[in-house]
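Reading through the structure tokens given below for one structure.
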Amino acid sequence: MFAALSEKHEHKKVLPDLEGAENGVVMRFAPNPSGPLHIGHARAAALNDAYIKQYGGRYILRIEDTDPKRVDPEAYEMVVEDLKWLGLAITDTVTQSDRLHLYYLLCTQLIERNGAYVCTCDNEQFKELKNKKTACPCREQSVETNLVLWDKMLTHGFKEGEASVRIKTDLNNPDPAMRDFPAFRILDVPAHPKVIAHVYPLMNFSVVADDHLLGVTHVIRGKDHIANTRRQRYIYDHFGWKVPVYRHYGRMGIEGVVLSTSQMRLGINDGTYTGWDDIRLGTLRALARRGISPEAVKNAMLAIGIGDTDISFSWDNLYSENKKIVDPVANRYFFVPEPVTVQIEGAQPHTAHAMLHPSDTARGTRTLEFTGTVLIPKSEVSPDITMLRLKDLFNVKISWDNGMPSFTYAGDSLADARAAKAHIVQWLPAQATIPCTILTQEGEMVGACEPAVRSELGKVIQFERVGFVKIDAVGDAGVVAYYTHK
RNA sequence: GCUGCUAUAGUGUAGUCCGGCCAAUCAUGCGGGCCUUUCACGCCCGCGACUGGGGUUCGAAUCCCCAUAGCAGCACCA
């Protein structure tokens, strides 16, 4: 008995169980293709992914492009790329603009079931009636009339704004948002980039149609959809379909990056941002560029879970997850910020062997040839510092004369350096160094690094005493790196 | 305003359904120490929370009520 109890305590589930998931699940991630994916999307994407991996089943990517105003033709590809980067087990991909005929068909059936009607009321007028819990005249039309009007909608008999299809719900529902919400509308402009159409389903209709058609069993989405879930239930009831299991997680506040697609686009167009992967943006491609690994993103999202309380996203937690992944694999190099060139007196040429990774000796070393002149960080040259240890090399004594420092060799003994509490600093041979700029979200850090860093293009490395960076570009002019985190 | 939802340390999270294993878990952060030729990693120690007030009960983080706060929705967006 006690064993059972303690076991219960030790069995920490990563995520809470989903009801009715024992025999596998069908879940979906359903983004609007208006831009690349950002951290907010990653939560839904990762949560669904984790459950599908836990229970087995299918993972449907459903591109929800039923509003031509909010479709960026380039986003289709970006979304797929971003999900690929995240490493999700997507099994099916559907695009709603390919499926308009299905929605039309189901709409006809729904009208035949008397679950929907074509409303030709002025929008303001309808809203007024709705708020008074009063049916608009269109609601009383016969099924036959509705079918005629529906056909008229589809055959350009109405112009934009002149007619819509509404779902019959409960006009006495205390929440006005529930009362006879729209299911289809006419949009003459803009043209849809993927399909010729002018009658488009609204999200609540197309989502129900697809969730049912695709056999979706569980839906995990943000709580901004709670009202939609209630609306969608009316459609399920009209058709007599089985309703999926829903989970709505709370709002996630994310500070420090730009997330609004329109704001990002604006900034890119006016040159404020370099592109969708500008590191000031919260897109997944920006995180990737900064050296955040997809596993870290997923782990951080799973740690947040599906709670329905509002939370604030913690960059610290993400960085911590990323460090766990990156630290064991990142090679170490010297970066000297704001370098000053100093001549060391009294030292013979030395060859320093510095480990590529301190806890993985098998990875080998890099060699730095000392021939007399080195670069060291400017911050290490100040009157209150009298001794330094050049890491993996030797000790240096600094003496000050009239405010001018001079540097002399002070032995190889590490013990001496320790005894003197000397800083162990990164350095570079003056004859073997390349310029290096580290771009951070706040600005840039200029310095120099080991030439060998050029072979780490695209990888995350650690500049000792500085932090992890991703090597973004290498060239004759030097190296550009993005600061990942400490 | 109307309709709902939520409320555990700086942050995230477990526990809340079925009240006692909870003087509240784990992670992160912060402070200190050890290790170390990085201010990294690892290890050890510490800091820090049940929104407030009533009620029910032998007993409440857990149930009920009120208050407060936050959030969501109230689009011919998703």
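The sequence lines fix the lettering, A, B, ..., with proteins before strands; numbering per chain opens at 1. Computed over heavy atoms, backbone and side chain alike; hydrogens, waters and symmetry mates excluded.
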Subject >> Rounded distance in Å - CD1 (A/Ile311) to C1' (B/U13) >> reply: 10 Å
Original post:
Looking only at atom C1', what distance separates B/G73 and B/G31, rounded to whole Å?
Top reply: 44 Å
Subject >> Whole-Å P distance, B/U3 and B/U8 >> reply: 25 Å
Subject >> Spacing between A/Arg179 atom CZ and B/C76 atom P, to the nearest angstrom >> reply: 14 Å
Subject >> Nearest-nucleotide pick for A/Arg231, side chain only, options being B/C74, B/U3, B/C76 >> reply: B/C74
Original post:
Taking the side chain of A/Lys324 as heavy atoms from C-beta outward, which of B/C71, B/U28, B/A75 is closest to it?
Top reply: B/U28
Original post:
In whole angstrom, what separates A/His225's NE2 from B/A75's P?
Top reply: 16 Å
Subject >> OP1 or OP2 of B/A75 under 4.0 Å from side-chain N/O of A/Arg185 >> reply: no
Original post:
B/C22 and B/A9: how far apart are their C1' atoms, nearest whole angstrom?
Top reply: 15 Å
Subject >> Distance in angstrom units between A/Asn317 CG and B/C30 C1', rounded >> reply: 13 Å
Subject >> Complement of B/U38, any strand, by Watson-Crick or G-U distances under 3.5 angstrom >> reply: none
Original post:
Given B/C76, B/U3, B/A72, which nucleotide is nearest the side-chain atoms of A/Arg251?
Top reply: B/A72
Subject >> Strand partner of B/G59, provided both Watson-Crick or wobble distances fall under 3.5 Å >> reply: none
**OP:** Give a yes-or-no answer on whether the side chains of A/Gln232 and A/Asn204 include a donor-acceptor pair shorter than 3.5 Å.
**Re:** yes
Original post:
At under 4.0 Å, does any side-chain N or O of A/Thr309 touch on OP1 or OP2 of B/C5?
Top reply: no
Subject >> Nucleotide nearest A/Asp316 (side chain, heavy atoms from C-beta), chosen from B/U28, B/G12, B/C77 >> reply: B/U28
Original post:
Among the nucleotides B/C76, B/U28, B/A7, which one has an atom lying closest to any side-chain atom of A/Ser320?
Top reply: B/U28
**OP:** Rounded to the nearest angstrom, tell me the gap between atom OH in A/Tyr249 and atom C1' in B/A7.
**Re:** 20 Å
**OP:** Begin with the C-alpha distance, continue with both residues' side-chain angles, and end with the deciding distance and a verdict on ring-ring contact (aromatic ring centres under 6.0 Å, His included) for A/Phe29 and A/Tyr59.
**Re:** CA-CA 8 Å; A/Phe29 175 63; A/Tyr59 195 173; 7.2 Å; no
Original post:
Is the A/Phe394 ring parallel, tilted or perpendicular to the A/Tyr409 ring (thresholds 30°, 60°)?
Top reply: perpendicular
**OP:** Mind calculating the distance between CZ (A/Arg221) and P (B/C71) to the nearest angstrom?
**Re:** 22 Å
Subject >> Short side-chain to backbone donor-acceptor contact, A/His485 and A/Ser320, under 3.5 Å >> reply: no
Original post:
Quick one: A/Ile254 CD1 to B/U11 P, roughly how many Å, whole number?
Top reply: 16 Å
**OP:** Please measure how far the C1' atom in B/G59 lies from the corresponding atom in B/U25, and state the result in whole Å.
**Re:** 22 Å
Original post:
B/A14 and B/C71: how far apart are their C1' atoms, nearest whole angstrom?
Top reply: 23 Å
Subject >> For A/Arg332, the option from A/Asp392, A/Asp327, A/Asp360 that meets salt bridge (Lys or Arg N to Asp or Glu O under 4.0 Å) >> reply: A/Asp327
Original post:
If pairing requires Watson-Crick or G-U wobble contacts with both distances under 3.5 Å, which nucleotide is the partner of B/C21?
Top reply: none
**OP:** Report the distance from atom CD1 of A/Ile226 to atom C1' of B/G73, rounded to the nearest whole Å.
**Re:** 9 Å
**OP:** Would you indicate what A/Asn204 reaches in the nucleic acid, counting non-hydrogen atoms under 4.0 angstrom: base, sugar-phosphate, or nothing?
**Re:** nothing
Subject >> A/Ala352 to A/Leu393 - nearest heavy-atom pair and separation >> reply: CB-CD1, 3.9 Å
Original post:
Say you pick atom P in B/C26 and the same atom in B/G15; how far apart are they, in whole Å?
Top reply: 14 Å
Original post:
Are A/His225 and A/His248 near enough that their ring centres are under 6.0 Å apart?
Top reply: no
**OP:** Have a look at A/Ser34 and say if it touches a base, only the backbone sugar-phosphate, or nothing, with a 4.0 Å heavy-atom cut-off.
**Re:** nothing
Original post:
Looking at A/Phe158, is A/Lys152 sitting on its ring face, NZ or CZ under 6.0 Å from the six-membered ring centre and within 45 degrees of the normal?
Top reply: yes
Original post:
Across all strands, who's sitting opposite B/G12 as a Watson-Crick or G-U wobble pair, both distances under 3.5 Å?
Top reply: B/C26
Subject >> Integer angstrom distance from the P of B/C63 to that of B/A7 >> reply: 9 Å
Original post:
What does A/Gly161 touch in the nucleic acid at a heavy-atom separation under 4.0 angstrom: a base, only the sugar-phosphate, or nothing?
Top reply: base
**OP:** Tell me whether the guanidinium CZ or amine NZ of A/Lys194 lies under 6.0 angstrom from the six-membered ring centre of A/Tyr76 and within 45° of its axis.
**Re:** yes
Subject >> Pair partner, B/G1 [Watson-Crick or wobble, under 3.5 Å] >> reply: B/C74
Subject >> Stacked cation flag A/Arg166 on A/Phe184, 6.0 angstrom / 45 deg >> reply: no
Subject >> Toward the 5' end of RNA chain B, by each residue's nearest nucleotide, A/Ser312 or A/Pro174 >> reply: A/Pro174
**OP:** Could you check which nucleotide pairs with B/C50 in any of the strands shown, counting Watson-Crick or G-U wobble with both distances under 3.5 Å?
**Re:** none
Original post:
Can you give one letter per nucleotide of nucleotides 34-41 of chain B, 5' to 3': B if a protein heavy atom sits under 4.0 Å from the base, S if only from the sugar-phosphate, - if neither?
Top reply: ---BBBBS
Subject >> Side chain of A/Lys127 - closest among B/A75, B/U28, B/A78 >> reply: B/A75
**OP:** Between B/C41 and B/G29, how far apart are the P atoms? Round to whole Å, please.
**Re:** 8 Å
